[in-house]
Each structure stands twice: as C-alpha cells, then as structure tokens.
Protein chains: 2
Amino acid sequence: MARVLTPRAEDFPRWYQDLISKAEMADNGPVRGTMVIRPTGYAIWERMVSDLDARIKATGAENAYFPLFIPESYLKREAEHVEGFSPELAVVTHGGGKKLEEPVVVRPTSETVIGEFMAKWTQSYRDLPLLLNQWANVVRWEMRPRVFLRTSEFLWQEGHTAHADEQDARDYARRILHEVYEDFMVNVLAIPVTVGRKTNRERFAGATSTYTLEAQTGDGKALQMGTSHELGQNFAKAFDISFSAKEGGQQFAWTTSWGVSTRMVGGLIMVHGDDNGLRVPPKLAPIQAYVMVVKDGDGVAEATDRVLAELRAAGVRVQVNDRTDTPFGRRAVDAELKGYPIRIEIGPRDIAEGNVTIARRTDGSKTPVSVDGVTKAVLDALEADQKALYDQAVVARAAKTTDAATLDEAIEVAGSGFARIAWDKVGVDGEAKANQSAVSVRCL
Amino acid sequence: MARVLTPRAEDFPRWYQDLISKAEMADNGPVRGTMVIRPTGYAIWERMVSDLDARIKATGAENAYFPLFIPESYLKREAEHVEGFSPELAVVTHGGGKKLEEPVVVRPTSETVIGEFMAKWTQSYRDLPLLLNQWANVVRWEMRPRVFLRTSEFLWQEGHTAHADEQDARDYARRILHEVYEDFMVNVLAIPVTVGRKTNRERFAGATSTYTLEAQTGDGKALQMGTSHELGQNFAKAFDISFSAKEGGQQFAWTTSWGVSTRMVGGLIMVHGDDNGLRVPPKLAPIQAYVMVVKDGDGVAEATDRVLAELRAAGVRVQVNDRTDTPFGRRAVDAELKGYPIRIEIGPRDIAEGNVTIARRTDGSKTPVSVDGVTKAVLDALEADQKALYDQAVVARAAKTTDAATLDEAIEVAGSGFARIAWDKVGVDGEAKANQSAVSVRCL
Ligand SMILES: [Zn+2]
Ligand SMILES: [Zn+2]
C-alpha cells in the first residue's frame with residue numbers, strides 16, 4: 001500500500017501537517033496564521049466543548065458572552081499585562097467607514113472586560129461566588145503559526161470566578177483542574193496528563209499559583225493542554241472587585257481563571273495519531289462506528305439497515321458510507337486517516353456467510369463477526385479501545401521519561417522526552433540555566 | 001406594588017431597554033454598539049442554538065469554522081456585495097506590533113471565505129450536496145445600536161450549501177425555512193411567524209428567491225426572525241464553484257444560504273414580554289420551574305428536596321432559590337422579570353397544610369397544590385402555557401393586522417400593525433411609494 005503520510009519517525013512535524021490536511025481536519029485560512037476548521041476537525045472540537053461544558057456547569061458556573069472588541073485603553077490599565085500581549089494584538093482602526101477616535105483591540109482574552117463587569121456585578125457577599133465562563137474566539141497575532149497548536153485566531157473557553165475567601169477560590173481552581181480538566185483528558189481524551197504547579201518563572205502574570213496539565217506528544221515533547229490559576233486578590237485589586245462582607249466592611253474578592261482551547265485538538269492528534277492517521281478515542285469520537293458498504297449485492301442493504309438500527313438503539317454514534325461509486329480502498333484509507341474507532345465493512349461475500357467484518361482502528365485488527373453479534377462486538381471493542389489508547393499513551397510516555405540525578409542530565413534527556421528530577425536539584429538558578437538550553441520546567 | 005418597568009403602552013422602546021437591564025439579560029459593552037450577554041440572556045441563546053443545531057444536523061449539514069479575519073481584497077471581488085457592506089466593516093490595520101501590508105476585515109459574514117473553500121472542496125458530483133453551517137460572531141458597524149436587535153457584533157448561524165441541480169437546492173432552502181426555522185419558531189419559541197417570499201426590491205443581493213420569517217412585536221411592528229435564500233447559480237459563478245457532472249462536462253453548482261441570529265432573543269422579548277418582564281415559553285426555558293424557599297421552617301427543607309428530586313426525575317429543568325437572606329418579594333419580582341414559566345413557592349405556612357404554591361408566569365395565577373401533586377401540576381402547566389403563549393401571540397397579531405383594499409389604506413394601517421393586501425394592488429410602483437412612507441413590503 002502506498003504510504004499516505006510521512007512516517008512519524010521520519011519527520012514528526014511534517015507527519016502532523018500531512019495528517020491535518022489528508023484527514024480533512026483543517027486548512028490554512030486566507031489570512032496568515034488563521035485556520036479553517038473543516039467538519040471532521042470541528043466535530044471533534046464540538047464533542048470536547050459539549051463534554052467540558054456540562055462539567056463546567058456542574059461546578060455551578062454559568063456561560064456568558066463578552067464583546068470581541070475591547071477599547072485600547074483597557075489594555076493599558078494593567079501595565080504588567082500589556083507587555084505580555086502588545087505585539088500579539090490585532091488593532092481595529094476603522095469602523096463605520098471612517099477612522100475611529102479610539103482604536104479597539106480584538107480580544108486576546110476577555111479578562112479585562114470580564115474584570116470590569118465582575119466589579120460592577122459584585123456588590124455584596126450575596127453576589128458571591130460569581131462563576132462565569134465564556135466560549136469564544138480570541139486573537140493573538142502569531143509569527144510561527146501551526147494549525148491547532150498556535151494560530152492567530154483560536155477557539156477557547158475562559159472561566160473567571162470571584163469568591164468571598166481564599167479557601168473557596170483555591171478549592172474552586174483545583175476542582176476545575178481535577179474534576180473538569182484532568183478527568184476529561186484522562187477519561188475522555190485518553191491522554192495521561194502530568195498535573196501540577198508551574199514554577200514562579202513560568203506562572204501566569206498576576207497569579208499566585210498556576211496549575212497546568214501537560215501531555216507528552218508522540219515525539220516526546222510537552223504540550224500544555226490547559227491551565228487553572230489562583231489569582232489571590234491581585235486581579236480583584238486591579239479591577240476593584242470588592243464587596244460588603246457578611247461580617248461588615250468592604251473586602252476584595254479572591255479570583256480564579258482557567259482555560260482550554262482548540263490546541264487540545266492538536267494534542268489529541270499528536271498523542272494518538274499513528275502513521276496511518278488519527279485515532280480518536282471512542283468516548284470522544286463524533287462517529288464511533290463507521291458502517292461501510294463494500295459493494296452492493298444480495299442481502300447487503302438489509303444487513304446495513306439492521307446493523308445501523310441496532311447500533312443506534314444501543315446509543316452508538318454511527319454513520320453510513322454507501323458511496324460504492326468510489327473505490328472501497330480509497331474510502332477505507334480515508335476512514336483510517338480520520339480515525340473512526342470501528343469500521344463495519346459489509347459486502348456480499350461476507351454476508352453470504354452471515355458475517356460482516358469489524359475493523360478496529362486502535363490495533364488494526366479485522367475480524368469477521370456474525371450479523372447477530374455486531375452490536376455486542378462493537379460495544380466491547382469501544383470500551384476496550386478507549387482503555388487501550390490510554391494504556392499505550394502511558395507506556396509511550398514512560399519510555400520517554402527519565403529520572404535524572406543531576407540538572408545536566410535532565411537537560412540532556414529533555415532533548416527527546418521528559419526528565420523527572422527533584423526540584424531541589426534544580427531551583428531558580430537551575431531553571432534559568434535549563435531555559436538557556438531551550439528546556440523548560442513544565443510542572444512541579 | 002411599585003412598578004418595575006416602564007409600561008409597554010407608555011413607551012415600548014423604553015420598556016424593552018428596562019426589561020433587558022432589570023432582567024439581567026444584557027449590558028452595553030464598553031465599545032459602542034457591542035453587548036455583554038449576561039447569563040440569563042445567554043442561557044436562552046444557548047437553548048436556541050442547541051435546538052436549532054440538532055434540526056440543522058438532521059438535514060445532513062455539518063458544522064465548520066471559518067476565520068474571523070478576511071483579506072480586504074476578498075470583499076472587493078464581488079462588487080455588488082461590497083456596496084452593501086462597506087460602511088459596516090471593521091478594519092484591522094495593525095497586527096503583530098506593526099502595520100499590515102494588506103488590511104484585514106472582521107467578517108461581516110463568512111460568505112466570501114466559505115465561497116472560496118466550497119470551490120476548492122467541490123470537484124465532482126460525488127462531493128455534492130455540500131452542506132455547511134457555522135455558528136460564530138460577526139461584525140457590522142451599527143450607527144443606531146439596540147441590544148439584541150441591532151448590534152455591531154452579534155452571534156449567528158450561517159448555512160451555505162451547494163447542490164448538483166436547481167430542484168435540490170430549492171428543496172433544501174425550503175426545508176431549512178419550514179422544518180428548521182418555522183417549526184422551531186412556532187413550536188419552541190411560540191411565535192407565530194408570517195412565512196413567505198421577499199419582493200425583488202427587498203431580497204438579498206444575488207439571491208433568486210429570499211424567504212423570510214416575520215414576527216409581529218408587541219407594538220405591532222414587523223421583525224425579521226430569519227431568512228433562507230436560493231442563490232441560483234449566481235454565487236457559484238462568482239466563486240467558481242463548479243463540478244464534473246455525473247453525465248460528464250463541467251457545471252456550476254446551485255447554492256443556498258440561510259441564517260438566524262441573536263436578534264431572535266430580542267424578538268422573543270418583544271413578542272412575549274409583558275409589563276412585569278419576560279415570559280419565556282416552557283419548551284425554550286433554560287429554567288422551567290423555579291423552586292423558591294419563602295422562609296425556613298418545619299418541613300420546608302424536606303419538601304424542597306423532594307419537589308426538586310421529583311421534578312428532575314420527570315425531566316423538568318429546575319433551579320432552586322433558597323437565599324432567604326434576601327427578602328422574598330425582591331426575589332419574586334426578579335423571577336417575574338426573568339420570566340421563569342413556573343415558580344414553586346415553599347414556605348412553612350403552606351407546608352403545615354401539606355401544600356406549596358404554584359405561580360404561573362403566563363397568566364399570573366397562584367394556586368395551592370399538595371406536595372404529592374406538584375410534578376403533575378407542573379407538567380400540565382408547562383404544556384398549557386406553551387400553547388397559551390402561542391395563542392396569545394396569534395390573537396395579538398390578528399388584532400394588529402388589517403385587510404386593506406387599497407395601497408393608501410395599507411400604508412395608513414401599517415403605522416401601528418400589519419396590513420394584508422393583494423400584491424396586484426401594490427406592485428413595484430406601489431412598493432416604492434410605500435417605502436417613501438417608511439412602510440416596507442415584508443412578505444409575499
Ligand atoms: Zn487529579
Ligand atoms: Zn411552513
């Protein structure tokens with residue numbers, strides 16, 4: 001079989017680009033650094049959104065929507081903040097057919113606007129906790145764009161909450177970290193993430209603690225999949241988010257912020273993809289079972305209808321492909337590329353014996369199964385393959401994680417994987433030294 | 001009771017603004033013409049999105065995401081098109097810390113980009129129909145903004161489809177019109193919409209037919225709730241969306257486009273709102289039953305838990321308010337403003353007799369109901385009130401619709417309602433005359 005993608009071992013970044021394009025995940029947009037998310041890729045993002053959204057709501061947070069445009073003056077308010085973003089900003093200077101009196105910035109985050117409104121909506125302890133979340137597009141001008149990983153426009157979720165005391169804010173930031181993000185990544189994305197705190201050097205400006213979830217990609221690199229910040233009272237002081245306390249007197253709130261983005265789609269590809277394409281974990285997969293008519297013939301249509309109906313009734317997300325005007329081989333390669341967990345191939349030869357073929361994307365196996373047994377076989381395979389993908393990722397990460405005794409050793413190892421080292425062997429000076437070798441301390 | 005809102009009869013636009021603000025639906029954003037959609041308003045939009053999204057997917061369409069930024073040159077390509085938008089465009093001239101070589105426009109619609117990519121993705125008849133939809137924010141600079149109805153940034157859905165022949169495109173545009181939009185508006189929003197074609201004068205540039213759905217607001221005005229366009233081969237020719245036909249030869253596709261926006265939230269308020277606030281139809285309502293603890297006392301907590309559990313088990317969307325540290329009257333006014341269909345008031349006095357009070361927002365009635373009977377009473381009331389809201393809107397529209405015998409009569413009547421008149425009494429000249437009197441022909 002002709003090779004479809006550049007093999008990962010040959011050139012990992014090229015493999016990634018090939019996959020994005022041939023699996024029809026995304027295209028580059030006409031403006032440099034932007035992307036067109038095609039239906040195959042967008043359906044994966046939608047599934048991420050709907051699962052995470054339910055978890056976020058279960059913590060009590062509510063969704064809201066803040067404007068795309070932010071007055072330039074807002075971003076000058078908090079100096080520390082602007083320095084981090086300034087070269088990343090897209091600035092609108094013309095609107096309504098003329099030059100604007102004050103330019104407006106396309107939001108790089110909604111943080112400043114949300115801070116303004118949180119201050120307005122927080123008057124009394126009765127208004128707390130104030131738990132807000134937003135799903136939206138944001139723009140950070142990107143000089144070296146890579147689809148899904150670093151794009152000038154991306155889709156994300158940003159949560160901002162205000163609490164009456166420090167413990168409540170801390171508990172909430174950790175609840176988001178573990179119950180929302182970590183549990184989702186481990187149990188739905190089947191990605192083992194390393195969860196911990198960032199060093200002072202790496203943490204978010206204004207945060208008192210930044211928690212991170214780091215995945216290891218197929219080439220041994222770390223990819224930040226999400227963050228959750230405790231902001232202490234820093235943010236509340238900058239935006240004057242204060243309230244009359246239950247016990248009397250005016251106090252500043254304790255706030256948190258947290259987010260994940262379309263970068264997770266890139267992470268998913270880089271963790272689970274193989275040389276034949278993507279492998280989507282069953283729990284996430286928009287299409288779990290892809291029913292392919294190999295060729296028309298006696299009993300094929302009947303078997304197809306029956307299999308579809310039974311799988312749907314069992315709650316399996318199915319799609320049928322009966323485009324027999326396209327060669328079967330081409331359709332099968334396309335299904336492999338897109339990573340549907342299970343393919344059910346139905347053709348006259350198998351059907352004559354009462355069988356269909358079940359092809360599992362995770363291990364590449366192909367097994368004949370009687371039409372009667374399809375639903376059970378599919379349900380079993382979906383469950384097993386969800387676990388198998390996670391287990392494989394754990395093994396791959398272990399193979400590329402080395403315990404290092406000294407800082408120099410850790411720096412060397414980090415060229416092709418993770419190094420695990422005691423923080424007291426690194427310290428602030430060691431971290432600076434590691435950074436000079438393009439190695440970062442990802443997680444404590 | 002002190003009046004909470006300006007009465008509709010006194011000043012309808014003012015009533016609308018009061019309601020938006022006091023029901024915490026939205027705030028004005030810091031950049032003129034933008035809005036902050038607060039959780040109460042956003043939850044309504046989310047319910048609209050999720051219902052419509054399922055309907056759109058049931059037609060076979062897939063969601064995708066196209067970039068926020070469009071090269072300025074794209075909008076110059078189709079001259080007819082640009083003239084319509086030019087003063088409405090927001091233009092980004094700076095990005096990455098410097099002036100851009102080519103300015104980019106913030107999408108007023110994604111039509112041009114989607115056209116480009118549809119051309120790329122459409123090669124053969126096998127690629128058709130190509131059914132795409134996008135949920136996104138768009139920007140059209142607005143000189144006279146009104147929250148939800150006309151804002152510089154709004155949220156919407158835009159569908160774009162390409163078909164192999166005219167009949168398929170026509171059928172699809174009408175399927176969206178009736179099965180997706182009309183059925184949703186009538187059966188979920190409880191809004192009687194007048195559905196029909198636009199005149200040549202009013203139709204979308206480039207369309208061969210524009211279908212519209214028009215609601216009548218509480219002050220007798222028409223509000224366009226959605227449109228579906230047949231574009232013939234005009235759009236395909238402009239973007240070179242062509243394909244090799246089954247019978248051989250290259251052909252241009254037949255396309256459609258269709259959309260609804262956050263304006264629907266404004267329409268909902270203007271159709272169903274009354275002098276006490278919003279009334280949300282039960283099928284749409286994010287919160288269908290609002291369980292309010294009037295005051296703590298013997299048996300109150302137990303009854304509350306039981307009512308909540310039983311309603312949840314029956315599939316009712318419930319929320320509890322047990323903030324007895326806030327006066328009950330204030331909480332009840334707030335619940336009226338936000339328009340929860342049912343309030344269940346639980347206090348010690350009623351509970352002593354085994355009862356709770358069920359307050360229905362639609363007719364303002366308050367009835368004691370035994371704790372045993374709550375779930376049935378709520379389910380019955382939700383069903384009845386969905387119908388009652390629709391029926392009331394039908395009656396209100398009929399009261400403000402007059403059959404006119406002549407054009408002059410129609411123009412006069414249209415000052416305070418709808419005029420129904422035979423098109424042969426209007427014609428192209430009559431339409432121009434009506435327009436001079438600020439009356440438009442909305443629907444054929
Ligand atoms: Zn954990
Ligand atoms: Zn109809």
Side-chain angles (χ1 to χ4, degrees), chain A residues 24 26-27 29-31 33-43 45-46 62-71 74 86-98 100 102-104 106 113 116-117 120-121 126 132 134 136-137 139 141-143 152-153 155 246 262 323 325-326, chain B residues 24 27 29-31 33-43 45-46 62-71 74 86-98 100 102-104 106 113 116-117 120-121 126 132 134 136-137 139 141-143 151-153 155 246 262 323 325-326:
Chain A
E24 301 178 344
D27 270 346
V31 172
T34 65
M35 62 179 163
V36 172
I37 310 179
R38 300 186 65 174
T40 304
Y42 197 76
W45 173 243
E46 276 186 311
E62 295 182 300
N63 288 338
Y65 187 80
F66 294 83
L68 177 69
F69 293 147
I70 299 176
Y74 270 49
S86 204
E88 296 182 0
L89 297 179
V91 186
V92 176
T93 52
H94 291 71
K98 55 182 192 201
L100 300 176
E102 186 191 353
V104 303
V106 181
V113 187
E116 281 293 310
F117 282 89
K120 194 171 151 187
W121 299 333
R126 289 187 195 87
L132 295 174
Q134 170 175 262
N137 55 343
V139 169
W141 213 265
E142 187 56 64
M143 293 306 167
S152 291
E153 178 193 9
L155 305 182
K246 196 163 190 171
T262 33
R323 297 298 295 248
D325 56 359
T326 304
Chain B
E24 301 178 346
D27 269 348
V31 172
T34 65
M35 62 178 162
V36 171
I37 310 179
R38 300 186 66 172
T40 305
Y42 197 76
W45 173 242
E46 276 187 311
E62 295 182 300
N63 287 339
Y65 186 79
F66 293 84
L68 178 69
F69 293 148
I70 299 177
Y74 271 49
S86 205
E88 296 182 1
L89 297 179
V91 185
V92 175
T93 52
H94 291 71
K98 55 183 192 197
L100 300 177
E102 186 192 352
V104 302
V106 181
V113 187
E116 280 294 310
F117 281 89
K120 196 172 149 186
W121 298 335
R126 288 187 196 88
L132 295 173
Q134 169 174 262
N137 55 344
V139 170
W141 214 266
E142 187 56 65
M143 295 305 169
T151 46
S152 291
E153 179 192 9
L155 305 182
K246 196 164 192 172
T262 33
R323 298 297 296 246
D325 55 358
T326 304

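The sequence lines fix the lettering, A, B, ..., with proteins before strands; numbering per chain opens at 1.
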Counting heavy-atom pairs under 4.5 Å to chain A, which of B/Leu132, B/Val106, B/Thr151 comes out on top?
B/Val106

Between B/Ala43, B/Ala64, B/Gly33, the one whose heavy-atom pairs under 4.5 Å with chain A are most numerous
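It is B/Ala64.
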
Value rounded to 0.5 Å, distance of NE2 in A/His94 from CG in B/Leu89
12.0 Å

With rounding to the nearest 0.5 angstrom, report the CG to CH2 distance, A/Asn63 to B/Trp45.
14.0 Å

What heavy-atom pair brings A/Gly96 and B/Trp141 nearest, and what distance separates the two atoms?
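Reported closest heavy-atom pair: N-CG, 3.3 Å.
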
Can you name the nearest heavy-atom pair linking A/Val31 to B/Phe69, along with the distance?
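Nearest heavy atoms, A/Val31 then B/Phe69: CG2-O, 3.7 Å.
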
For B/Glu142, which residues count as a salt bridge (charged side-chain N to carboxylate O under 4.0 Å, His left out) partner, sequence neighbours excluded?
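By the salt bridge (charged side-chain N to carboxylate O under 4.0 Å, His left out) rule, B/Glu142 matches B/Arg150.
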
Report the residues that fulfil salt bridge (charged side-chain N to carboxylate O under 4.0 Å, His left out) with B/Lys120, sequence neighbours left out, ordered by chain and then residue number.
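A/Asp27.
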
Go through the atoms of [X] and report whether side chain, backbone, both or neither lie under 4.5 Å from a heavy atom of chain A.
{"X": "B/Ile70", "value": "backbone"}
{"X": "B/Arg126", "value": "both"}
{"X": "B/Trp121", "value": "side chain"}

Choice from [options] maximising heavy atom contacts with chain B below 4.5 Å:
{"options": "A/Leu68, A/Thr40, A/Thr34, A/Val104", "value": "A/Leu68"}
{"options": "A/Gly97, A/Pro39, A/Pro71", "value": "A/Pro39"}
{"options": "A/Met35, A/Arg38, A/Glu46", "value": "A/Arg38"}

Hey, does A/Phe117 have a side-chain heavy atom less than 4.5 Å from the side chain of B/Pro30?
yes

Plane angle bin for B/Tyr42 and A/Tyr65 - parallel if under 30°, tilted between 30 and 60°, otherwise perpendicular:
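Parallel, since the angle between the ring planes stays under 30°.
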
